[in-house]
Amino acid sequence: MFPFPEDPTPARPNHRTVDRIAGILEFVAREREPQSLTKIAQAVGAPVSSVQSLVNGLTATGYLKEQGKAYRLGLAPYFLTALAGQQLVTTVTHEMLEDIVAETGFIVVLAVLIGEDVYYVDYACSDPAFEYLAQNRLKRHPLETSAGWVLLSGLDVPTAWNYLAAAEGKQELVDRFQREYPTLRQTGECVAPGVASNGADGVAVAVRDRSADRSAARSAGTGAGASIGGTAVAAVSVIATTEEISANAEHIIGVLRKHAHRWNS
C-alpha cells in the first residue's frame with residue numbers, strides 16, 4: 001500500500017493570479033497566430049480588465065510579445081530553458097520513440113508531469129486514432145494514464161500524497177494506485193492499468209535522472225557507486241486500445257525494457 005505520512009503535508013493551494021498567468025502563457029503558446037486580449041481573457045475565464053494588467057506585465061518582462069494589438073509568446077521562456085542548460089527531457093530522442101513504434105506497431109509518447117497534469121511532449125505514431133492526444137498536447141490526469149502512474153510513483157511520498165489528496169471524485173483510482181504503488185515504485189513500470197476513459201490503455205516505463213541522485217549521494221557521503229534508482233523525470237508509454245494492449249502487453253513491456261537501457265544508462 002501507499003505509505004501515507006502520519007502527518008501529511010497539506011496540498012499546496014492554487015493562487016488565482018498565478019493560475020491566470022500560467023493559463024495565459026499556455027494558451028498563447030498553443031496558438032500559431034497572435035491572440036487578442038479578448039480571446040486571451042475568454043481562454044482563462046477572466047475579465048478583460050483583469051487580464052490586461054497581467055498581459056502588460058508579461059509583455060514588459062518578455063514573456064509575451066505584442067504584435068498588431070495581439071500577443072504571442074516572447075523570448076523569455078526560451079531564455080529560461082537555455083539559462084538552465086536543459087530541455088524538458090534530453091535522454092529520450094525522437095528516434096528512440098520511432099524505434100519503439102517499429103517494434104510494437106503502436107503509438108509511443110514521451111510524457112512529463114507539469115503541475116497537476118500529464119502532458120505528452122513528443123510522440124511517434126502509427127495509429128491516428130490516438131495521435132490527437134499527443135499532437136494537441138492535451139493534459140491528462142495522472143491517475144488516468146499508465147505514464148501518470150509511473151510518474152506519480154516516482155515522486156517523493158509527501159508530493160505524491162498531495163496529488164492523491166487533491167484527486168476529487170477519483171477515489172476508486174486512488175485506491176487502485178495505492179495497491180499498486182509498491183510495485184510501481186520498485187520497477188518504474190506500469191502495465192495495462194485499465195484506467196483511461198477513452199477506450200485506450202498503455203504500458204509505460206520511467207525515464208530516470210540518475211545524475212541528480214548521484215550528486216545527492218556524494219553530498220551525503222555515500223559515494224558515487226551507491227545503488228540508486230534515479231528520479232523519474234518522464235515516462236515513455238505505448239498506447240493502444242484496451243484489447244490490443246491486453247493481447248500484446250508482454251511483448252510491449254519487453255521492448256520498452258530493452259530501450260530503457262538507452263535512456264537510463
Would you say the side-chain atoms of [X] pair up with the backbone N or O of [Y], donor to acceptor, closer than 3.5 Å?
X	Y	result
Asn264	Arg208	yes
His251	Glu103	yes
Gln35	Glu33	yes

Can you tell me how far [atom2] of [Y] sits from [atom1] of [X], rounded to the nearest 0.5 angstrom?
X	Y	atom1	atom2	value
Arg185	Leu152	CZ	CG	11.0 Å
Arg262	Asp99	CZ	CG	5.0 Å
Arg140	Tyr120	CZ	OH	4.5 Å
Ile24	Glu26	CD1	CD	12.0 Å
Ser153	Glu189	OG	CD	10.5 Å
Glu98	Thr93	CD	OG1	8.5 Å

Residue pair [X] / [Y], side-chain heavy-atom distance below 4.5 Å:
X	Y	value
Asn248	Thr104	no
Thr17	Leu54	yes
Phe177	Leu184	yes
Leu143	Trp149	yes
Val205	Trp263	yes
Pro142	Leu113	yes
Leu25	Leu64	yes
Asp201	Pro193	yes

Transitive ILVMFWY side-chain link [X] to [Y], under 4.5 Å:
X	Y	value
Val18	Leu73	no
Val108	Tyr119	yes
Trp161	Val150	no

Over all atoms of both residues, closest heavy-atom pair of Val238 and Ile245: O-CD1, 3.9 Å

For Val109 and Tyr123, work out which heavy atoms get closest and say how close.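 Heavy-atom minimum between the residues: CG1-CB, 4.0 Å.
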
For Gln186, I'd like to know if atom CD has over 12 heavy atoms of other residues, nucleotides or ligands within 6.0 Å.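 Open: at most 12 neighbouring heavy atoms sit under 6.0 Å from CD of Gln186.
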
Going through the distances and angles, do Tyr63 and Val28 end up as a side chain to side chain contact (heavy atoms under 4.5 Å, CB included)? CA-CA 10 Å; Tyr63 286 87; Val28 173; over 6 Å; no

Please determine whether side chain to side chain contact (heavy atoms under 4.5 Å, CB included) holds for the pair Val174 and Gln171, giving the CA-CA distance in whole Å, both sets of side-chain angles, and the decisive distance to 0.1 Å. CA-CA 5 Å; Val174 170; Gln171 190 57 49; 3.9 Å; yes

